[in-house]
Protein chains: 2
Amino acid sequence: MPARSRRLTQAKTDSARRSPCPVSCCLDIVGDRWTLLVVRDLFLGRSRFKDFTASPEAIPTNVLAERLQRLLQHGLVIQAAASEGSKHLGYQLTDKGKALLPVLKAMKNWGLTWERGTKAALH
Amino acid sequence: MPARSRRLTQAKTDSARRSPCPVSCCLDIVGDRWTLLVVRDLFLGRSRFKDFTASPEAIPTNVLAERLQRLLQHGLVIQAAASEGSKHLGYQLTDKGKALLPVLKAMKNWGLTWERGTKAALH
DNA sequence: TAGACATGCTTGCATATTGCAAGCATTTTA
DNA sequence: TAAAATGCTTGCAATATGCAAGCATGTCTA
């Protein structure tokens, strides 16, 4: 898919939702094995493409590129200069994206309680 | 896959995890578009195969069967008589499964706050 | 107690997504 | 200004999803 038409692709409309359930709707956006790990990394202060690929789960680059586009489309992240005066872009959470913190915390707590050998990185 | 060998299939071991991160580990189990909707339905008191397929999101039956097996393998649900004296089996959340309630609540709140037109079914 | 219907799946198949490796234009560093 | 790093894209094989049909077992009705 070329960049321009990707940019013009509409964010998921109400009619594209499986149901009006807020849980279902949330899963339509972040319901896969990778998206919330990218959001976790954003909370950990990572912002650049390379940073996300460096996480221990090793997300494939094509999947990462697609997920970042989806997060942009749904307004969970924005792009901004990666650092002062740099032409490289980084990604940052919007308020909508930051609002997923309780979801990540709940998952963190669940994992720590019920799955042996897990260890938290997110505080 | 025959029923017996499916029963004998090991739950995901530490080595099968992508990383020791509790969030990643949680997503290894429930990180897809459907599993948490099944868990939501279980919280809503639904317990039988037919009940899950009747939800508005309309999960395909083969996907539902696979997800229920995964939830059984990971100990998030158990099977029990669907009703008094019935030979039909239903599914119920274990404590481990019930511990996902904060995750669902966080997703519900996020959806209600950030996605227009969503409406809660889970209380 | 026989037939009809409901339940709880399984199967087959087309399509979509994922994972892996390689490639490449642009930016930054030495 | 050449070399390395960055931020992706592309191609392809493997896996997962979605849809429709099929079917064994259980339950209900006459």
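Protein chains get the first letters and strands the later ones, always in sequence-line order, with residue 1 at the start of each. Quantities reported herein were computed from a predicted structural model and do not represent experimental measurements.
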Asks: Within the 4.0 Å limit for protein heavy atoms, which parts of nucleotides 25-30 of chain C are touched? Write it as a string from 5' to 3', B for base, S for sugar-phosphate only, - for none.
Replies: --SS--

Asks: Taking all non-hydrogen atoms of both residues into account, name the closest pair between A:Trp34 and A:Glu57 and its distance.
Replies: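 Looking at all heavy atoms of both residues, the closest pair is CH2-O, 3.4 Å.
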
Asks: What is the distance, rounded to the nearest whole Å, between atom CD1 of B:Ile59 and atom P of D:dC19?
Replies: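 Going from CD1 in B:Ile59 over to P in D:dC19 covers 12 Å.
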
Asks: Check nucleotides 20-24 of chain C against the protein and report each pair of N or O atoms closer than 3.5 Å, with its distance, or say if there are none.
Replies:
unit_1: C:dC20; atom_1: N4; unit_2: A:Asn62; atom_2: OD1; d: 3.4
unit_1: C:dC20; atom_1: N4; unit_2: A:Asn62; atom_2: ND2; d: 2.9

Asks: So, OP1 or OP2 of D:dG18: does either fall under 4.0 Å of a side-chain N or O from B:Arg33?
Replies: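 So the side-chain polar atoms of B:Arg33 do come within 4.0 Å of the phosphate oxygens OP1 or OP2 of D:dG18, strictly under.
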
Asks: Does a side chain donor of either A:Arg17 or B:Thr118 reach within less than 3.5 Å of an acceptor in the other side chain?
Replies: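 No, no side-chain donor-acceptor pair sits under 3.5 Å.
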
Asks: Which residue, B:Val77, B:Leu42, B:Leu93, B:Leu76, forms the side chain to side chain contact (heavy atoms under 4.5 Å, CB included) with B:Lys98?
Replies: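 Only match with B:Lys98 under side chain to side chain contact (heavy atoms under 4.5 Å, CB included): B:Leu93.
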
Asks: Can you check the B:Leu72 CG to C:dG8 P distance for me, whole Å?
Replies: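 Whole-Å distance recorded here is 14 Å.
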
Asks: Using atom CZ of A:Arg18 as one end and atom P of D:dT17 as the other, report the distance to the nearest whole Å.
Replies: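 Distance check: A:Arg18 CZ to D:dT17 P gives 11 Å.
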
Asks: For A:Leu89 and D:dG7, what is the distance between atoms CG and C1' respectively, to the nearest whole Å?
Replies: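 These atoms are roughly 10 Å apart.
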
Asks: Please tell me if the side chains of B:Ile29 and B:Thr35 come closer than 4.5 Å, counting only heavy atoms from C-beta onward.
Replies: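 They are not in side-chain contact.
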
Asks: Quick one: closest heavy-atom pair of B:Leu72 and B:Ile78, and the distance?
Replies: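 Looking at all heavy atoms of both residues, the closest pair is CD2-CA, 3.8 Å.
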
Asks: Is there a path from A:Trp114 to A:Leu112 through hydrophobic residues (I, L, V, M, F, W, Y) whose side chains come within less than 4.5 Å of each other?
Replies: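 No, A:Trp114 and A:Leu112 fall in different hydrophobic clusters.
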
Asks: Should the pair A:Arg46-A:Asp41 be classified as a salt bridge under the 4.0 Å nitrogen-to-oxygen rule?
Replies: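 The answer is yes: the pair qualifies as a salt bridge.
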
Asks: Atom CZ of B:Phe49 and atom P of C:dT7: how far apart are they, to the nearest Å?
Replies: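 Interatomic distance, CZ of B:Phe49 to P of C:dT7: 12 Å.
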
Asks: What is the distance from CD of B:Gln79 to P of C:dG8, rounded to the nearest Å?
Replies: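 The distance from CD of B:Gln79 to P of C:dG8 comes to 11 Å, rounded to the nearest Å.
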
Asks: Can you tell me if the side-chain N/O atoms of A:Trp34 get under 4.0 Å from OP1 or OP2 in C:dT17?
Replies: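 Looking at the OP1 and OP2 atoms of C:dT17, neither is under 4.0 Å from any side-chain N or O of A:Trp34.
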
Asks: Within this structure, what is the NZ-CZ distance for the pair A:Lys105 and A:Phe43, rounded to the nearest 0.5 Å?
Replies: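 Separation between the atoms: 9.0 Å.
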
Asks: Do A:Met107 and B:Pro102 make a side-chain contact, defined as non-hydrogen atoms from C-beta onward lying under 4.5 Å apart?
Replies: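 No - every pair of side-chain heavy atoms lies 4.5 Å or more apart.
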
Asks: Determine, for B:Asp32 against A:Arg33, whether the closest basic-nitrogen to carboxylate-oxygen distance falls under 4.0 angstrom.
Replies: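 Salt bridge: no.
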
Asks: Show, in sequence, the C-alpha distance, side-chain angles and deciding distance for A:Leu37 and B:Val23, and conclude whether the side-chain contact (heavy atoms from CB on, under 4.5 Å) test is met.
Replies: CA-CA 7 Å; A:Leu37 293 184; B:Val23 176; 4.1 Å; yes

Asks: If you assign A:Val63 and B:Leu68 each to the DNA chain C nucleotide with the nearest heavy atom, which residue ends up on the more 5' nucleotide?
Replies: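 Of the two residues, B:Leu68 wins.
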
Asks: Roughly, in whole Å, what's the span from CD in B:Glu66 to P in C:dG8?
Replies: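 The distance from CD of B:Glu66 to P of C:dG8 comes to 19 Å, rounded to the nearest Å.
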
Asks: N/O contacts under 3.5 Å, protein versus nucleotides 2-5 of chain C?
Replies:
none

Asks: What is the distance from CD of B:Glu57 to C1' of D:dC19, rounded to the nearest Å?
Replies: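 Those two atoms, CD and C1', are 17 Å apart.
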
Asks: Does a side-chain heavy-atom distance below 4.5 Å link A:Tyr91 with A:Gln79?
Replies: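 Heavy-atom side-chain distance check passes, below 4.5 Å.
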
Asks: How is B:Phe52 classified with respect to the nucleic acid when contacts are heavy atoms under 4.0 Å: base, sugar-phosphate, or nothing?
Replies: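 No contact at all - B:Phe52 keeps every heavy atom at 4.0 Å or more from the nucleic acid.
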
Asks: State whether B:Lys50 places a side-chain N or O below 4.0 Å from either non-bridging phosphate oxygen (OP1 or OP2) of C:dT7.
Replies: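 So the side-chain polar atoms of B:Lys50 do come within 4.0 Å of the phosphate oxygens OP1 or OP2 of C:dT7, strictly under.
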
